[in-house]
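Excluded from the calculations below are hydrogen atoms, water molecules and symmetry mates; all remaining heavy atoms, backbone and side chain alike, are included. As the structure is a prediction and not an experimental result, all values here were calculated from the model.
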2 protein chains.
Amino acid sequence: MNLTEAKQQFIASWGAFGSHWGINRTMAQIHALLMVSAEPITQDDIMEQLNISRGNVNMNIRDLITWGLVDRILLSGERKEYFSAEKDIWKVATQIIKERKKRELDPMMKLLATLEDIDGDKKDKEVKQFIDTISGIRKFSKKADQMLDVMIKADESWFLTGMMKIFK
Amino acid sequence: MNLTEAKQQFIASWGAFGSHWGINRTMAQIHALLMVSAEPITQDDIMEQLNISRGNVNMNIRDLITWGLVDRILLSGERKEYFSAEKDIWKVATQIIKERKKRELDPMMKLLATLEDIDGDKKDKEVKQFIDTISGIRKFSKKADQMLDVMIKADESWFLTGMMKIFK
DNA sequence: ATTTACTTTCAGTTTGTTTTGAAAGTTCAA
DNA sequence: TTGAACTTTCAAAACAAACTGAAAGTAAAT
C-alpha cells in the first residue's frame with residue numbers, strides 16, 4: 001500500500017471510529033488528516049483532500065480548536081492561516097479525557113448527588129432500589145473520576161511502562 | 001424531591017448522557033428505567049412510562065439484550081415477557097467495555113497494524129510522519145487494550161479499593 | 001479609500017437516524 | 001384449528017444532525 005491509499009484508509013477509519021464516540025465524522029476526519037500531515041495545512045487543502053465545503057471545514061476546525069486538539073498557525077509573511085494538530089497521541093488522549101470529564105462526568109456527578117437524597121420511606125422497595133442504583137453509580141463515578149485525574153496529570157512514559165507493571 | 005420526579009430526572013439525564021457516547025437516547029432511557037425498577041417490567045410498562053411506541057421499545061430492548069445489559073424474564077404462569085437490567089454498575093461497565101473493545105478497538109488495532117508498513121522512502125517527511133503517527137496510536141492502543149483486559153477480569157472491590165491505592 | 005485576500009456565518013438543503021403503527025408472525029389454550 | 005394474547009418486523013413519516021455555498025465580515029496591502 002502506498003502513502004496516499006494508507007492516508008485515505010486511516011482518515012476514513014478514524015472518522016468512523018469517532019462517530020461511535022459522539023464525535024462527528026467530518027471532525028474526526030479533519031483531525032486524522034492533520035495528524036498525519038507533517039506540515040501545517042490550510043482550509044483549502046482540507047477542502048480539497050476531504051471534498052467538503054469551506055463552511056464545513058471552518059466550523060469543524062473551530063470545534064477542534066476549542067477541544068484543544070488543533071492549533072491555528074500564522075506563518076510570517078503569509079496572509080493565509082495554517083492548521084496543525086497535536087501529534088502526540090498521549091497528549092491527544094489526555095486532552096480529550098480532560099474535556100469530556102469537564103463537560104459530562106462532572107455535571108453527572110453533581111446531579112447524582114442531588115438525586116440520592118429523595119423523600120420517601122427507605123423501606124419501600126422502589127425507593128430503596130432507586131437509592132441503591134444511584135448511590136452505586138455515584139461511588140463508581142467518583143473512583144473513575146479520581147483515576148482520570150491521575151491519568152491527566154501523569155505523563156506518557158508512566159502510562160506506557162509504569163502503569164503496566166501494576167496491571168501485570 | 002419525590003421518587004417519581006427523581007426517576008424522571010435520572011432517566012432524562014441518562015438518556016442525554018448516552019447520546020454523547022454513540023448510544024441512542026431511547027435505549028439509554030429504557031436502560032435507566034430498568035436500572036431503577038425494583039421488579040421486572042413489561043413492554044407495556046415501558047411504553048407507558050416513556051411514552052414511546054411498541055416497535056421502538058421492542059427494537060431497543062432487543063439491542064440492550066445483545067449488549068448483555070438486559071435480561072428477558074419469564075414469570076411462571078404469565079404469558080407476558082418481563083425485562084430486568086443488571087443493576088450492579090461495575091458489571092454494567094465491564095460489560096460495556098468488553099463489547100466496545102470487541103466491536104471497535106480490536107478492528108482498529110488490526111487496521112493500524114496493516115497501515116504501519118506502507119511502501120515509500122522513510123526519509124520522506126510525509127512518509128515518516130504517517131508512520132510515526134500510526135505507530136504512536138498503535139502502541140497506545142495496545143497498552144489501553146491490555147489495561148482494559150485486566151479491568152474486565154478484575155472484580156469490583158479491586159477497582160473500588162485496590163486500584164485506588166495505586167492511584168494514591 | 002479601495003481593492004484584494006482571506007475568514008466567518010447561517011438559511012436552506014441534504015443526508016442520516018429514530019420512531020411510529022399497522023400488519024404479519026408466534027405461541028399457547030381451549 | 002381457531003382465536004386470544006402477545007411479540008416482531010418494516011415501510012413510511014417525523015425528526016435531527018451535518019453540510020453547502022453564497023453573502024457578509026475582516027483586515028492587510030496599495
Distance check needed: D:dT7 P versus B:R72 CZ, whole Å only. 9 Å
Rounded to whole Å, please give me the gap between CD1 in B:I65 and P in D:dT7. 11 Å
Rounded to whole Å, CG of A:L75 lies from C1' of C:dC6 at a distance of 15 Å
C:dT18 P sits how many Å from B:L50 CG, rounded? 16 Å
Residue-phosphate contact under 4.0 Å: B:N58 side-chain N/O, D:dT8 OP1/OP2: yes
Side-chain donor-acceptor pairs of residues 60-69 of chain A under 3.5 Å, sequence neighbours excluded:
residue: A:T66; atom: OG1; partner: A:D63; partner atom: O; Å: 2.9

Parallel, tilted or perpendicular: which describes the rings of B:F10 and A:F130, with under 30° parallel and over 60° perpendicular? perpendicular
Roughly how many Å is it from CG in A:L74 to C1' in C:dC6, rounded to a whole number? 12 Å
To the nearest Å, how far apart are A:D63 CG and C:dT9 C1'? 14 Å
Let's see if you can work this out: which of C:dT19, C:dT7, D:dT9 has an atom nearest to the side-chain heavy atoms of A:K80? C:dT7
Those residues of residues 17-45 of chain A lying under 4.0 Å from DNA chain D by at least one heavy atom: A:N24, A:T26
Under 4.0 Å, heavy atoms only, any strand: does A:M59 hit a base, just the sugar-phosphate, or nothing? nothing
For the side chain of B:T133 and the backbone of A:M35, is there at least one donor-acceptor N/O pair under 3.5 Å apart? yes
Which residues satisfy the side chain to side chain donor-acceptor pair (under 3.5 Å) test with A:D149, sequence neighbours excluded? A:K101
Those residues that, when tested against A:E48, pass side chain to side chain donor-acceptor pair (under 3.5 Å) (two or more places apart): none
Backbone N or O of B:A85 within a donor-acceptor pair of the B:K87 side chain at under 3.5 Å? yes
So does A:R62 get a side-chain nitrogen or oxygen closer than 4.0 Å to the phosphate oxygens (OP1/OP2) of C:dT7? no
Hey, are A:N56 and A:S53 close enough side-chain-wise for a donor-acceptor pair under 3.5 Å? no
Detail all sub-3.5 Å separations between protein N/O atoms and N/O atoms belonging to nucleotides 21-29 of chain C.
residue: C:dT27; atom: O2; partner: B:R79; partner atom: NH2; Å: 3.0

Whole-Å distance between C:dT20 P and B:N51 CG? 9 Å
Comparing nearest nucleotides in DNA chain C, the 5'-proximal residue of the pair A:F83, B:I52 is A:F83
When you check the gap from the basic side-chain N to the acidic O, do B:K128 and B:D121 get nearer than 4.0 Å? no
Which pairs, with at least one residue in residues 66-78 of chain B and sequence neighbours excluded, count as a salt bridge (Lys or Arg N to Asp or Glu O under 4.0 Å)? B:R72-B:E81
